[in-house]
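Encoded as structure tokens, the structure appears first; notes follow it.
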Amino acid sequence: MSLPPWCPPYTARKKSPVTGEEVYCICKKTDSGELMVGCDGCDDWFHFSCLKIPDKYKELVFSFYCPYCQAGITGVGPVQERRTIWKRKCRLSGCFKPCRDASKYCSEEHGEQYMKQALARLQVKGRTRNEQELLVKRMLESSHDFQTFGQHPFADEPAVRQEDPSLYDTIVCEDQRLQELQQNHKELQEQTIPSITKALESLRTYKQWLDDVNNKLLAAKGDSLANDTRQTKKTNGKKQKTTICGYYTHWEALPCTPDDLVAQFNTTIPAINGVCTKINCHKHANWSTITADQLANQLRSLQAHDDRLRLLINTRKEQLMIQFYERSLLKN
Ligand SMILES: [Zn+2]
Ligand SMILES: [Zn+2]
Ligand SMILES: [Zn+2]
Ligand SMILES: [Zn+2]
């Protein structure tokens, strides 16, 4: 690299011929307290002003090489490696402090300010000031409380997408993890939960059918008892159980009409059309209640799973949305 046009030719002079004081920089002047930077190649010092570097960059110099070292006139080591390296500047415009460690900002305050400015520039429709503040807070939080984060639906997605549809689709819509979660959620919503709900409904319908059967059997028995007064006397006062068990494994569909079953009913046969017709059946005691409870429990745990999936989807969307904001801001 040759010397820049504003740089005078090199001279090895280190002291003022007049005063004998040490001189520095390309200007060969004494130290007047003006801002200077040390060269990593030759150990000389250089004025920011002489190098045409604004003073405000003073905290951003990581490794500096003077024009003479860069031109290969002074210094040691490979010339191509003599490059001034700058620290990453805080992303907030007007701040010339270096970024703190892995952050993109010099401080938390500037990170917050940057996000606020960025959001103000985006002017996403339909989002209230409070929501913006919340978003800023969320963007800055590095560790989230999983229980509360993502519980609220994210800001108006179509409005956000309008900002940059193709970038939005690339980052948000085509995200594999999000697609996976949404697919799982879809299956749960459209298949698993409806199938359990339907089973519960079928069981309820079957129990209704069984009640009908038992009422009809009771009515039929009442008729026969009415015709035989001696038997009425005999059974009076006895709390005899008169309902059939009704245990049936295919209750998703009804076995026959109640009348069909009543017509075939006979205490000597244990089952009709697969329906257990025993009275005082111990084997299947409370079978319908137990089955209904099991289904209800299953439904509850599926709904809890559904809640969790929604939460994961929202959290993932928020992560992607932040990526989207970051990327769209970098582009602008
Ligand atoms: Zn100078
Ligand atoms: Zn140098
Ligand atoms: Zn800053
Ligand atoms: Zn039974």
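Basis for what follows: all heavy atoms, side chains included, without hydrogens, waters or symmetry-related copies. Positions are given from 1, in the same order as the sequence printed here. Counting convention: from 1, in listed order, for ligands and their atoms alike. Just so it is clear, the structure is predicted and the values come from calculations on it, not from any experiment.
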- prompt: What is the SG(C95)-the Zn ion (ligand 3)-ND1(H110) angle, to the nearest 10 degrees?
  reply: 100°

- prompt: In H47, which N, O or S atom comes closest to the Zn ion (ligand 1)?
  reply: ND1

message: Assess, by modelled atom type and distance only, whether the side chains of E34 and S49 contain a donor and an acceptor separated by less than 3.5 Å.
response: yes

From N273 atom CG to D260 atom CG, the distance as rounded to the nearest 0.5 Å: 7.5 Å

message: With rounding to 10 degrees, what does the angle C25:SG / the Zn ion (ligand 1) / C50:SG come to?
response: 110°

Salt-bridge contact D306-R310 (side-chain N to carboxylate O under 4.0 Å): yes

query: When the ring planes of W209 and Y206 are compared, do they come out parallel, tilted or perpendicular, using 30° and 60° as the limits?
result: parallel

statement: Here the vertex angle at the Zn ion (ligand 2) for SG of C69 and SG of C39, given to 10°, is 100°

